[in-house]
*Asks:* 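Before we start, here is the structure in question, set down as structure tokens.
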Amino acid sequence: MAAIGRVVSSSGRFFSPNILRISISRFLKTSSNCRTVMPAWVIDKYGNNDVLRFTKNAIFPIINYPNEVIVKVFAAGLNPMDIHMRGGHGAATMSMKRDPLNMNQAGSEFPLILGREVSGVIMECGLDVKYFKEKDEVWASIPPWKRGSLAEFVVLSANEVSLKPKSLSHTEAAAMPYVANTAWSALVNTGGLTKENCAKKRVLILGGSGGVGTFAIQMLKAWGAHVTVTCAKNAERLVTGLGADHVVDYTAGPVQVPLAALDKFDLILDNIGGSTEHWALNLLKPWSGAKYVTLVTPFLQNTDALGIADGMMQTAATVASRALKHLAKGVHYRWGFFAPSGPALDEIREMVDAGQIHAVVEETFNFTQVPQAFAKVEKGHARGKTVVQISNGGT
Ligand SMILES: NC(=O)c1ccc[n+]([C@@H]2O[C@H](COP(=O)([O-])OP(=O)(O)OC[C@H]3O[C@@H](n4cnc5c(N)ncnc54)[C@H](OP(=O)(O)O)[C@@H]3O)[C@@H](O)[C@H]2O)c1
């Protein structure tokens, strides 16, 4: 067998770069009880909720790389991303990233399994996985180019997976990994905040009542930041209960007016986008390293419309011109993206088990009710997360 490079992280995790396919690994480590099919919700084409189809015959996942694990899914969190993916948004980029092993014989991604968050137990480990063992309870967020968690089993790279917080049920745990990895990527990797430098920083979250916002408020408060949040009047109690120091009701009139009367901010996390970009950067402290990080970007829209090469060029040109324009005014303009990361979830687990971060589950559905769960997320006005319980372990 070919030698495989390894990196050991500070937490003792072993990563094998996911570039070397060991096709014989499936024979070295056979999939659980040799099953070939499993129950799942799939789509066979992009569209509205009608394209969701339940099947008992989805292909059972197998370990194709030695650093992969198979997880038995107890609960799956849903996000606006699942609605976008169901409609085909981002299909061009996902097709480029998708492993040919996750395509059908005609080279198509269908049948596609959605669901970007999972909590469950490890059923099987690839030969190179040292950090996990069978029966470990784990949580993870799933890259959008991989098969998702609305199924009985899912296969993931071990470096995307983390041991589940002991203090959370599987349903609660499934409500967090995607929004936690997104908030972490936006606030830490892009925004430069850490638990060491966050104390007393003034942070504004535009759109604090949804999945990302309810997580971000809690993480920033755990790190000592002063957090201002915009949300609708009927979400004020929710965000204040999560620790928000100051709440501004965006339904009461142009929200930039009351926000402009406040002290300026060190960082803005924008979960809303659109016209917010026209005024939000004026709320930052100029010439102090203050940053605006938006999660609402035209990246996938550009690659869908223009193709990968032109879409990426257009994206690079847009972000560079906006960043330069704002840099001239002394503030930093950035785009934030979801980034799956087991090590980030390891750190978040500690905060959860220390009681600093709580799951905010708005509604749960069972496995037969996946279309209803999608309809709920699609309606918007989220107050936390929507979770599907896949098996009895998900309670
Ligand atoms: N770039 C990435 O990789 C990435 C990753 C994750 C998420 N995202 C994007 O980030 C955004 C937030 O994600 P999410 O999961 O938190 O969405 P979500 O759960 O649907 O929450 C959005 C929240 O914003 C509130 N809202 C709507 N309009 C508002 C406004 N003008 N001002 C303040 N609050 C408003 C909504 O409630 P009301 O309508 O009742 O006010 C809802 O609570 C979405 O657009 C999502 O697509 C991007």
Side-chain angles (χ1 to χ4, degrees), residues 77-87 89-90 93-94 97 116-117 141-145 175-187 189-191 204-219 228-239 242 244 246-259 268-280 283 292-303 315 319 334-341 344 359-363 373-387:
L78 288 188
N79 292 278
M81 181 63 175
D82 292 298
I83 308 298
H84 300 320
M85 284 182 70
R86 191 199 64 201
H89 178 65
T93 304
M94 299 319 150
K97 293 280 294 177
R116 297 300 113 203
E117 291 177 308
S141 64
I142 304 172
W145 51 89
M176 223 181 268
Y178 180 84
V179 292
N181 277 153
T182 301
W184 187 278
S185 166
L187 295 171
N189 304 346
T190 308
L204 169 62
I205 300 176
L206 296 171
S209 50
V212 176
T214 52
F215 178 85
I217 293 168
Q218 299 184 81
M219 188 174 106
T228 300
V229 166
T230 68
C231 64
K233 180 88 187 144
N234 67 5
E236 276 185 19
R237 198 132 64 108
L238 169 69
V239 299
L242 297 172
H246 191 80
V247 183
V248 179
D249 171 13
Y250 81 92
T251 61
V255 72
Q256 58 272 38
V257 176
L259 287 173
I268 297 174
L269 175 66
D270 190 350
N271 297 317
I272 304 303
S275 63
T276 54
E277 285 202 23
H278 299 271
W279 47 262
L283 305 173
Y292 165 88
V293 183
T294 180
L295 287 173
V296 185
T297 81
F299 172 57
L300 295 177
Q301 205 177 312
N302 285 345
T303 50
T315 300
V319 72
R334 300 269 190 276
W335 286 355
F337 293 100
F338 160 64
S341 164
V360 185
V361 179
E362 183 182 12
E363 195 162 352
F374 269 73
K376 156 80 186 83
V377 176
E378 195 161 14
K379 255 194 266 168
H381 306 299
R383 298 290 177 263
K385 293 297 299 291
T386 297
V387 179

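Order of appearance sets the numbers: ligands from 1, and atoms from 1 within every ligand.
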*Asks:* Closest by any non-hydrogen atom to atom 19 (O) of ligand 1: pick that one out of G77, G211, P144, A235.
*Replies:* G211

*Asks:* Would you please classify the geometry between the F299 ring and the F337 ring as parallel, tilted or perpendicular, with 30° and 60° separating the classes?
*Replies:*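 F337 vs F299 ring planes: perpendicular.
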
*Asks:* Please report the shortest heavy-atom distance between L269 and A216, naming the atom on each side.
*Replies:*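 For L269 and A216, the tightest heavy-atom pair comes out as CD2-CB, 3.9 Å.
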
*Asks:* Taking distance alone, with no angle check, do G336 and ligand 1 share an N/O pair under 3.5 Å?
*Replies:*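 Yes: some nitrogen or oxygen of G336 is under 3.5 Å from one in ligand 1.
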
*Asks:* Say whether, by atom type as modelled, one donor and one acceptor occur between the side chain of T190 and the main chain of L187 under 3.5 angstrom.
*Replies:*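 No: the side chain of T190 does not pair with the backbone of L187.
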
*Asks:* Which heavy atom of the protein is the closest neighbour of atom 38 (P) of ligand 1, given with residue, atom name and distance?
*Replies:*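 Heavy-atom neighbour on the protein nearest atom 38 (P) of ligand 1: H381 ND1, 3.3 Å.
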
*Asks:* Answer with yes or no whether T297 contacts ligand 1, where contact means a heavy atom under 4.0 Å from a ligand atom.
*Replies:*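 Contact absent.
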
*Asks:* Between Q218 and L242 (side chain of the first, backbone of the second, donor and acceptor by atom type, cut-off under 3.5 Å), is there such a pair?
*Replies:* no

*Asks:* I'd like to know if the side chain of D82 reaches the main chain of N79, judged simply by a donor and an acceptor atom lying under 3.5 Å from each other, with no hydrogens or angles considered.
*Replies:*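 Yes: the side chain of D82 pairs with the backbone of N79.
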
*Asks:* Would one find an N or O of F337, backbone or side chain, under 3.5 Å from an N or O of ligand 1?
*Replies:* no

*Asks:* For T182 and ligand 1, answer yes if some heavy atom of the residue is under 4.0 Å from a ligand atom, otherwise no.
*Replies:*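 Yes; T182 lies near enough to ligand 1 that a heavy-atom distance drops under 4.0 Å.
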
*Asks:* Are the side chain of D249 and the backbone N or O of K233 linked by a donor-acceptor pair below 3.5 Å?
*Replies:*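 Flag set: sc D249 to bb K233 pair under 3.5 Å.
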
*Asks:* Please work out, at 4.0 Å between heavy atoms, whether the side chain, the backbone, both, or neither of R383 comes within that distance of ligand 1.
*Replies:* side chain

*Asks:* Between R116 and P143 (side chain of the first, backbone of the second, donor and acceptor by atom type, cut-off under 3.5 Å), is there such a pair?
*Replies:* yes

*Asks:* When you look for heavy atoms under 4.0 Å from ligand 1, do you find them on the side chain of H84, its backbone, both, or neither?
*Replies:*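 For H84, the contact with ligand 1 is made by the side chain alone.
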
*Asks:* How far is atom 48 (C) of ligand 1 from its nearest protein heavy atom, and which residue and atom is that?
*Replies:* L295 O, 3.2 Å

*Asks:* Considering non-hydrogen atoms of the protein only, which is the closest contact for atom 25 (C) of ligand 1, and what is the distance?
*Replies:*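 Checked against all protein heavy atoms, atom 25 (C) of ligand 1 sits closest to S209 OG, 3.8 Å.
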
*Asks:* To check you understand the geometry: which heavy-atom pair defines the closest contact between V247 and C231, and what is its length?
*Replies:* CG1-SG, 3.6 Å

*Asks:* For atom 16 (O) of ligand 1, what's the nearest protein heavy atom and its distance?
*Replies:*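 Sorting protein heavy atoms by distance from atom 16 (O) of ligand 1 puts V212 N, 2.9 Å first.
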
*Asks:* Just to be sure I'm reading this right: ignoring hydrogens, which of F338, Y250, Y178 gets closest to atom 3 (O) of ligand 1? Compare them by their nearest heavy atoms.
*Replies:*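 Going through F338, Y250, Y178 one by one, F338 has the nearest heavy atom to atom 3 (O) of ligand 1.
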
*Asks:* Quick check for you: to the nearest 0.5 Å, what is the distance between Y292 atom OH and W335 atom CH2?
*Replies:*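 Rounded to the nearest 0.5 Å, the OH-CH2 separation comes to 10.5 Å.
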
*Asks:* On a heavy-atom basis, I'd like to know which of I272, T251, N271, N234 is closest to atom 24 (O) of ligand 1.
*Replies:* I272

*Asks:* Counting non-hydrogen protein atoms only, what is the nearest one to atom 15 (O) of ligand 1? Give residue, atom name and distance.
*Replies:* P80 CD, 3.5 Å

*Asks:* Heavy atoms only: which of G207, A216, G213, G210 lies closest to atom 34 (N) of ligand 1?
*Replies:*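 Nearest heavy atom to atom 34 (N) of ligand 1 lies in G207.
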
*Asks:* Under a 4.0 Å heavy-atom limit, does A382 contact ligand 1 with its side chain, its backbone, both, or neither?
*Replies:*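 Both parts.
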
*Asks:* Under 3.5 Å, side chain of T230 to main-chain N/O of G207, donor-acceptor pair present?
*Replies:*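 Pair found, side chain donor or acceptor close to backbone of G207.
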
